[in-house]
Amino acid sequence: MAQCPQGERLQKVLARAGVGSRRACDELIAAGRVTVNGLRAQLGQRIDPDRDAVEVDGVPIGIRPGLVYYLLNKPIGVVTTASDPQGRTTVLDLVPSEPRVFPVGRLDADTEGLLILTNDGQLAHRLTHPSFGVEKEYLAKVEGRPSRGAIRRLREGIDLDDGRTAPAEASLVGPDLVRLVIHEGRNRQVRRMCEAIGHPVLRLVRHRIGPLRDRKLAPGAWRELTLEEVRALERAAKPRDGG
Ligand code: URA
């Protein structure tokens, strides 16, 4: 049996992967339906989710049958809705139509960058709900040259009409280039934050969702996430109480 005293409890890893409640996962383990690295799992076993291969009924967790995960580099002008009254291309036009997937969160039509599409409702919820605090990293080209004080304001929180933004990571990576890491995902949040400090956004690109980056994916291109990436996303989208 895999020995990993510092690892995570198997039933917790299974529950997080959406296999079922922790109790249901224990029952699966007790029934001998779960293997770790090909060996029958034991109740109370701890594993390393990065290294150990876990299967339920012979199917690796994270790629349960029927679930698909796409990473799209959304180009400017494409909308993140299922259909558009103005007839613009939607993100669903850019990925396979079967099985049906939906975008996880949204990017404005004029924002570019990484967007996940999936039919895994549970993971989608955890990636978008602020209580899970998954980071999204943006690079914004802005009007003018923000001062250090302006960047500090972004970091500390900005009063927007829907409330104060949570503390964010913000830095200047060029005279007019702001790197911003947020974990809230309110409507047009980055644009509104930059506008509030007097530097409206000219171009906005999302470069990272939690642990996911891809510098090679061309605008308009998509690929499937690897099993490791799906697992990493699941770990990043843990409830903040650690449960
Ligand atoms: N913030 C924005 O302003 N727009 C986006 O598309 C995403 C984050």
Side-chain angles (χ1 to χ4, degrees), residues 70-86 88-95 101-118 123-144 146 150-174 176-215 217-222 233 236-237:
Y70 303 134
L71 184 66
L72 171 73
N73 185 353
K74 186 187 100 56
I76 286 184
V78 172
V79 293
T80 316
T81 47
S83 66
D84 182 53
Q86 296 169 39
R88 289 174 294 184
T89 304
T90 78
V91 290
L92 297 183
D93 295 329
L94 300 180
V95 297
V101 291
F102 48 87
V104 177
R106 61 183 292 283
L107 291 177
D108 306 327
D110 42 358
T111 300
E112 305 155 67
L114 299 182
L115 182 74
I116 296 171
L117 296 104
T118 182
L123 183 63
H125 169 73
R126 287 166 29 174
L127 289 174
T128 46
H129 198 277
S131 65
F132 293 91
V134 177
E135 291 184 343
K136 286 108 194 170
E137 180 177 329
Y138 296 87
L139 214 51
K141 183 175 163 58
V142 297
E143 256 178 57
I151 297 299
R152 194 176 328 114
R153 284 186 61 205
L154 291 177
R155 220 175 272 144
E156 289 169 356
I158 301 266
D159 287 316
L160 299 178
D161 51 15
D162 53 358
R164 195 174 176 83
T165 60
E169 269 179 53
S171 52
L172 258 188
V173 293
D176 59 355
L177 215 50
V178 179
R179 174 184 167 272
L180 202 54
V181 181
I182 60 172
H183 46 79
E184 294 178 289
R186 298 193 220 164
N187 196 26
R188 296 182 78 82
Q189 182 169 342
V190 173
R191 291 175 195 278
R192 289 189 294 144
M193 287 173 77
C194 292
E195 188 139 355
I197 59 162
H199 295 279
V201 167
L202 299 173
R203 184 179 175 201
L204 185 59
V205 184
R206 180 154 74 186
H207 283 276
R208 178 168 68 85
I209 304 169
L212 273 190
R213 286 182 192 277
D214 192 324
R215 291 195 175 88
L217 201 60
W222 63 275
L233 276 177

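Whatever order the structure lists ligands and atoms in, that order sets their numbers, starting from 1. On a predicted model such as this, the values are computed, not experimentally measured, just so you know. Because only heavy atoms are used, hydrogens play no part in the values below, and waters and symmetry mates are left out as well, while side chains stay in.
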Is any side-chain N of the basic residue among Arg203 and Glu112 closer than 4.0 Å to the acidic one's carboxylate O?
-> yes
Arg188 N/O under 3.5 Å from ligand 1 N/O = yes
Using distance alone, with no hydrogens and no angle criterion, decide if Thr111 and Arg191 have a side-chain donor and acceptor under 3.5 Å apart.
-> yes
Stepwise, does the side chain to side chain contact (heavy atoms under 4.5 Å, CB included) test hold for Val95 with Val101?
-> CA-CA 9 Å; Val95 297; Val101 291; 4.0 Å; yes
For Tyr138, the ligand 1 atoms whose distance to one of its heavy atoms is below 4.0 Å = 7 (C), 8 (C)
For ligand 1, which atoms, with element, lie under 4.0 Å from some heavy atom of Thr111?
-> 4 (N), 5 (C), 6 (O)
What protein heavy atom is closest to atom 1 (N) of ligand 1, reported as residue, atom name and distance in Å?
-> Val190 N, 3.1 Å
Asp110/Arg188 salt bridge by N-O under 4.0 Å criterion = yes
Under 3.5 Å between some N or O of ligand 1 and some N or O of Arg191?
-> yes
Where is the nearest protein heavy atom to atom 5 (C) of ligand 1: which residue, which atom, and how far?
-> Asp108 OD2, 3.4 Å
Under 3.5 Å: donor-acceptor pair, side chain of Arg179, backbone of Ser171 = no
Polar side chain donor-acceptor pair, Arg192 to Asn187, under 3.5 angstrom | no
Could you list the atoms of ligand 1 found under 4.0 angstrom from a heavy atom of Gln189?
-> 1 (N), 2 (C), 3 (O)
Taking heavy atoms and a distance under 4.0 Å, where does Leu204 meet ligand 1: side chain, backbone, both or neither?
-> side chain
